[in-house]
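Data block below; observations after.
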Number of protein chains: 4
Amino acid sequence: MPKSPRKADHAGTSSNNRLESIVDAAALMFHTKGYAATSTQDIANEVGLLKGSIYYYINSKEDLLFRIIEESHEGALRAISTVSHLDVSPLAQSYALVNTHVKVFHDDRVKHSVFFREFRSLSDDRKEIIRGAGHAYSLFLRSILVEGQELGQVDPGLNTRMATSGIVGMMNSMSFWYQEGGSWTPEEIGSQFGEQVVLGLASEECIVSSGGRKSLIKQIRGELS
Amino acid sequence: MPKSPRKADHAGTSSNNRLESIVDAAALMFHTKGYAATSTQDIANEVGLLKGSIYYYINSKEDLLFRIIEESHEGALRAISTVSHLDVSPLAQSYALVNTHVKVFHDDRVKHSVFFREFRSLSDDRKEIIRGAGHAYSLFLRSILVEGQELGQVDPGLNTRMATSGIVGMMNSMSFWYQEGGSWTPEEIGSQFGEQVVLGLASEECIVSSGGRKSLIKQIRGELS
Amino acid sequence: MPKSPRKADHAGTSSNNRLESIVDAAALMFHTKGYAATSTQDIANEVGLLKGSIYYYINSKEDLLFRIIEESHEGALRAISTVSHLDVSPLAQSYALVNTHVKVFHDDRVKHSVFFREFRSLSDDRKEIIRGAGHAYSLFLRSILVEGQELGQVDPGLNTRMATSGIVGMMNSMSFWYQEGGSWTPEEIGSQFGEQVVLGLASEECIVSSGGRKSLIKQIRGELS
Amino acid sequence: MPKSPRKADHAGTSSNNRLESIVDAAALMFHTKGYAATSTQDIANEVGLLKGSIYYYINSKEDLLFRIIEESHEGALRAISTVSHLDVSPLAQSYALVNTHVKVFHDDRVKHSVFFREFRSLSDDRKEIIRGAGHAYSLFLRSILVEGQELGQVDPGLNTRMATSGIVGMMNSMSFWYQEGGSWTPEEIGSQFGEQVVLGLASEECIVSSGGRKSLIKQIRGELS
DNA sequence: GATGAATGAGGCTTCATTCAT
DNA sequence: CATGAATGAAGCCTCATTCAT
């Protein structure tokens, strides 16, 4: 909690570099060792400052976490925005969302992982701030699925809320294994995950009318290109 | 394991209750606040002991984490064991694994969540101990998928390793949202997740030859009943 | 300090064995690891009891130290007594004292070492108790030296108090190296130390009149046999 | 040495004073109450800092002990060095060593005492470090005695190893009584101890050829002046 | 901007001791 | 006699944070 906002608010100043490098170092260490196990000393060492010096840039260790989570969050919201502007069918949108998510995750792996794993360490106030915007993601995906059901593209028996949880969970879990997956490009992952997800959602009629699974996927990829 | 095992080895004694209640209290608090943010004081308070008194039962705070993770782990391995003894087709096995996982997770939600989220806080030695057995899970699922491909049941274009990561990730992510999902029974979740997963994996031929998606699922449920 | 003498006073009872074995175990561990570094747990383990159980025999950990020191002390006092009853010349008495000391030390190495090294850990009250009797030793040696000077046997220029400190210190320092000296018998040590001490003390006239250093030693050994 | 040298390495900086005063305070308390019985609190109080604050200067309580022992050790080694450069007879060298030892001890009484009495409290690693250099002292004295025997100055019947133990022990035991001996100057002690030691070692021929004990001592003092 | 020094609170752990059974 | 369980005090150490320079 930003008790006393005496100092630190260097947005846009020339010291932005320093602040950024502090935030980045923090993100990397929070990702590697966890928020609680990372000391301000660790972070300062990484940037070549002394422990006390980083308080010129921030007000508290939690500030760093919040900033990291905020940044990662913006990426996620950009993903929503991008996808929501696509003028395609619901299934194609869900495919696109998975794809974009993997891409966005990849581009900011570290911070996204910190977001996913250390969200809990935020103060309650800040949890609320993030959560507010956070639900948007699930709501957006769910709205796609609902629309898909209305249009008959998505299996009508599907509990859309539950499906959303599963899909979001699958994507977020990348935080835990993405490092090991050095052998796959984000495109490959996005492609396969998109396919699995879509095929798991699609209604019988949709598949039949598309001429089968392969054709459905091909058709979706066509829509999106 | 900590230096010298001077004390604390009350396995099987009549004081098991106390130890168990300490472990359970710890699990709950680790789940709620995180391992690092939970103090031994917190745990002791919860059980009605003094901070120092819990060291009559354990040797270190990390012991508690280890015990919790071990216990949750055993559950997971039992799940593998159960499923691997089923004499059914690969797709039915993957369905069963997802189902069982959800059930097992539900039965020991708290400890499973602690396992998934706080694994990192273990000492390196202990990480290794758990990890050793831990890979078994992914390997098992993957072997099912590979067999499914060989039998033509699973989409031949699927990268099984990647698919495994996604499925396991989806299931593990329950740690993050299961609490909210008070409205669904584990059976419902297992059922829908199993369905989505299977449909996302199945090959074109498999679906066609089963007479469509609905039929495939029905057939699998038949195999398993 | 024996706060509340509620229990523990089993002198002469049949449980003497147990008490003795506790005291002995304690002595050994205090000698090996030091008083502060030895826990009651350690001692109890050694005797095959539980930590709490030894409090049936003693009132406090310090009791053990006190008992050990007392016992070692008695040995030292017996040495004085023995030597003081010898009807020989002062130099022969100092020779005998050194000799006896080495022997007595050897016979009760462990407790003597604890006495010498852990005396400081006693409560002030008990320090006083031991010290009272303790000075006797130095005083006795010094009285021998003084008498030696009066009789012309001991170098008249010698500061007897200082000499006493040195000699006693040399003997006590056995606590630190005796273990290593597995190659020498206590007789050998006593013999050489006695010789060095006596020759360091003897007056010119005494040596001359005895016919030299060798003769003096031979003569002293004669007196004592 | 403790796990990770995260901080504390202020050698040579301007804050040396603080570190020194902490080390000195620690030395005094370790000397007075013993290492184990001295708390970091005690030390901090003495220097006017908070308990935790002294960790800005050190990494562990044992660091303090080690530093103290190291410092005292250097003094001892300087003593060897000084004496070994003297171009005098072996007996004169042993006289000089005793003398120098007393002087060096006096100059750094407190730390020397801590060294002698609390060596055992060091970690095994550090024990080894000190011990390595430590044996040098005994070896040096012994080599003097051996040379003395070869030149006929030292009693040929003497077991040099045992004599070394006794002499070193006598000198080290100053830790136990020096405080009381406020009435003697280090010169007086060194002088008498040197005399006693030399006379206890000298061979019959050496004394005779020097014209008696007094003459021998006078001659040695001549050599050294 | 950055440093060095210090704070103060809290965390984990140990241990002598007690006591009902 | 001995156990098992618990107490309570203390100990070592870590760390986010502050602030004068």
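Chain letters run A, B, ... following the sequence lines, proteins first, then strands; residues in each count from 1.
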Tabulated below should be each protein N or O lying under 3.5 Å from an N or O of nucleotides 8-11 of chain F; please produce it.
none

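- Atom-to-atom, OH of Tyr57(B) to P of dG4(F) comes out at 11 Å; the value is rounded to the nearest Å.
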Taking Watson-Crick and G-U wobble pairs with both distances under 3.5 Å, convert DNA chain F into its dot-bracket string, 5' to 3', dots for unpaired and | for cross-strand pairs.
.||||||||||||||||||||
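- Separating the CD1 atom of Ile22(B) from the P atom of dT13(E) is a distance of 13 Å, rounded to the nearest angstrom.
- Evaluation of the side-chain contact (heavy atoms from CB on, under 4.5 Å) rule for Asp108(D) yields Lys111(D), His112(D) as partners, not counting sequence neighbours.
- Following rounding to the nearest Å, Asp63(B) (CG) and dT13(E) (C1') show an atom-to-atom distance of 12 Å.
- As a whole-Å value, the separation of Asn45(D) CG from dG8(E) P is 14 Å.
- With a 4.5 Å cut-off on side-chain heavy atoms, Leu19(B) and Ile58(B) count as touching.
- Contacts classified as salt bridge (Lys or Arg N to Asp or Glu O under 4.0 Å) and involving residues 30-45 of chain B (residues at least two apart or in different chains) are given here: Lys33(B)-Asp42(B).
- Note: CD (Glu62(B)) to P (dC12(E)) measures 13 Å, nearest angstrom.
- Leu49(B) has its CG atom 10 Å from the C1' atom of dT7(F), to the nearest Å.
- Here the nucleotide nearest the side chain of Tyr55(A), chosen from dT3(E), dA16(F), dA6(E), is dA16(F).
- At whole-Å resolution of the value, NZ in Lys33(B) and P in dG10(E) are 12 Å apart.
- Applying the side-chain contact (heavy atoms from CB on, under 4.5 Å) criterion to Glu118(A), with sequence neighbours excluded, gives Tyr35(A), Leu65(A), Val114(A), Ser121(A), Arg120(B).
- Residue pairs meeting the salt bridge (Lys or Arg N to Asp or Glu O under 4.0 Å) criterion with at least one member in residues 45-55 of chain C, sequence neighbours excluded, do not occur.
- Side-chain contact between Arg117(D) and Phe176(D): present, with at least one pair of heavy atoms (C-beta onward) separated by less than 4.5 Å.
- Residues satisfying the side-chain contact (heavy atoms from CB on, under 4.5 Å) test with Val47(C), not counting sequence neighbours, are Arg18(C), Ser21(C), Ile22(C), Ala25(C), Ile43(C).
- Considering only side-chain atoms of Tyr56(D), the nucleotide from dA5(E), dA2(F), dA2(E) that sits closest is dA5(E).
- Between the CD1 atom of Ile54(A) and the P atom of dG1(E) there is a distance of 16 Å, rounded to whole Å.
- By the salt bridge (Lys or Arg N to Asp or Glu O under 4.0 Å) test, Glu70(D) pairs with no residue at all, sequence neighbours left out.
- Applying the 4.0 Å criterion to OP1 and OP2 of dA2(E), one finds that Arg18(A) has a side-chain N or O inside that range.
- Partners of Ser53(D) under the side-chain contact (heavy atoms from CB on, under 4.5 Å) rule, at least two apart in sequence or in another chain, are Leu49(D), Leu50(D).
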